[in-house]
Novice: 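Dropping the structure in here first, questions after.
Residues take their numbers from the sequence shown, with the count starting at 1. Atoms within each ligand, like the ligands themselves, are counted from 1 in listed order.
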Amino acid sequence: MSPDEKKKAAAEAALAYVEDDMTVGVGTGSTVNFFIDALAGIRQRIRGAVASSSVTEARLRERRIPVVNLNSVDELPIYVDGADEADPHLRLIKGGGGALTREKIVAAVSRRFVCIIDDSKLVVLLGKFPLPVEVIPMAQSHVGRQLAKLGGRPVLRQGFNTDNGNIVIDVHGLTLTNPVETEECIDHIAGVVCNGLFARRGADLLLVAATAGVKTITR
Ligand code: 5RP
């Protein structure tokens, strides 16, 4: 099975958690793109979708799925998104696509976070994938110095701005044995908007696609 076939399998498995009349939170990335395509097939049954990025919003609109403003709902029943890494405790690294802040907001508003990945992303310990950190541009040097003090090697994502007009620093080589603590610590650096650790609010359900089929991991 190719990586894309696995992503598609995980994405299609997530449809089983979408019920009639739900407003669905939708993440960002190549795995989620397969989910959006699958969601289009049942668009008559759902109320609409909240997008976690402008790219996702455009794809939802292209597929005639109604886009709902997050501020018009109190809570979302479900959020479906991919990840760059996931551990067996359902803690994640996200933000490879740079949509981490909006993704974290949509996840925070959602009752159930269904994370869809292929098996290459399931790891025992998070941190091989560089941790994305969204930063206010004027704070780039300050935040970089603080991240280096935490033992990481900060690298500016070249030529990239988030949907919020900020920069992303990818942090290599962090030891993430306590991801909840690290998530909080990085969030407290002045100038950091958000970091890609989803440990405080991890996934509720992980759908991991492998050649043998899609495995479900719950907390
Ligand atoms: C975007 C994300 C994505 O979920 C993550 O990068 C995984 O993407 P893909 O499904 O393309 O591998 O966090 O900000």
Side-chain angles (χ1 to χ4, degrees), residues 1-15 24-39 49-60 70 76 78-87 90-110 112-123 126-135 155-157 159-172 176 179 183 186-187 192-210 214:
M1 226 176 170
S2 71
D4 269 358
E5 284 169 333
K6 289 181 186 174
K7 288 177 186 187
K8 189 166 184 273
E12 289 176 352
L15 269 196
V24 183
V26 181
T28 300
S30 55
T31 315
V32 163
N33 284 345
F34 287 114
F35 176 70
I36 296 171
D37 295 350
L39 199 60
V50 169
S52 64
S53 63
S54 51
V55 173
T56 287
E57 181 173 340
R59 196 175 181 99
L60 289 167
L70 184 63
L76 289 169
I78 189 167
Y79 177 53
V80 179
D81 198 358
D84 300 299
E85 277 184 356
D87 77 7
L90 282 68
R91 301 175 298 200
L92 315 170
I93 288 185
K94 291 186 44 54
L100 59 160
T101 301
R102 294 188 185 199
E103 290 172 338
K104 209 176 261 197
I105 294 167
V106 183
V109 178
S110 302
R112 187 182 227 184
F113 179 177
V114 177
C115 182
I116 49 178
I117 56 170
D118 65 77
D119 56 354
S120 68
K121 293 172 171 178
L122 189 59
V123 298
L126 299 172
K128 200 165 174 201
F129 191 91
L131 179 69
V133 181
E134 179 165 350
V135 176
V155 177
L156 176 69
R157 199 177 291 185
F160 181 82
N161 282 103
T162 68
D163 281 349
N164 313 309
N166 297 314
I167 55 170
V168 170
I169 295 177
D170 293 303
V171 194
H172 297 248
L176 296 175
E183 181 179 0
I186 294 176
D187 273 354
V192 167
V193 177
C194 180
N195 75 82
L197 272 168
F198 285 55
R200 276 175 301 190
R201 202 277 182 258
D204 300 303
L205 201 99
L206 204 53
L207 298 175
V208 187
V214 179

Novice: Please determine whether a side-chain nitrogen of the Lys or Arg among Asp170 and Arg157 lies less than 4.0 Å from a carboxylate oxygen of the Asp or Glu.
Specialist: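 Yes, Asp170 and Arg157 are salt-bridged.
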Novice: Which heavy atom of the protein is the closest neighbour of atom 12 (O) of ligand 1, given with residue, atom name and distance?
Specialist: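 Protein heavy atom at minimum distance: Lys121 NZ, 2.5 Å.
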Novice: Of the side chain and backbone of Ala83, name the one, both, or neither that has a heavy atom under 4.0 Å from an atom of ligand 1.
Specialist: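 Near ligand 1, Ala83 shows its backbone, while the atoms from C-beta on stay back.
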Novice: Classify the side-chain pair Ser2/Asp4 by whether it contains a donor and acceptor separated by less than 3.5 Å.
Specialist: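 No, no side-chain donor-acceptor contact under 3.5 Å.
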Novice: Honestly, is Lys7 close enough over Phe34, meaning NZ or CZ under 6.0 Å from the six-membered ring centre and within 45° of the axis?
Specialist: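 No cation-pi geometry.
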Novice: Under a 4.0 Å heavy-atom limit, does Val32 contact ligand 1 with its side chain, its backbone, both, or neither?
Specialist: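 Near ligand 1, Val32 shows nothing, with every heavy atom at 4.0 Å or more.
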Novice: Looking only at non-hydrogen atoms, which of Cys115, Gly95, Ser53 approaches atom 13 (O) of ligand 1 most closely?
Specialist: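 Minimum heavy-atom distance to atom 13 (O) of ligand 1 goes to Gly95.
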Novice: Using heavy-atom distances only, which candidate in Glu103, Arg102, Lys7, Lys104 approaches atom 1 (C) of ligand 1 most closely?
Specialist: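 Selected option, by shortest heavy-atom distance: Glu103.
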Novice: So does Lys6 pair up with Asp119, basic N to acidic O under 4.0 Å?
Specialist: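 Looking at Asp119 together with Lys6, the answer is yes, because their closest N to O distance falls below 4.0 Å.
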Novice: So, Asp163 versus Ser54: side-chain donor-acceptor pair below 3.5 Å or not?
Specialist: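 Note: Asp163 and Ser54 side chains meet the donor-acceptor criterion.
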Novice: Just which atoms of ligand 1 are under 4.0 Å from any heavy atom in Ala99?
Specialist: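 Per the distance check, 14 (O).
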Novice: Quick one: closest heavy-atom pair of Asn33 and Arg59, and the distance?
Specialist: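 Smallest interatomic distance, heavy atoms only, reads OD1-CD, 3.1 Å.
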Novice: Answer yes or no for Gly27: is there a heavy-atom contact with ligand 1 below 4.0 Å?
Specialist: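 Gly27: no contact with ligand 1 (<4.0 Å).
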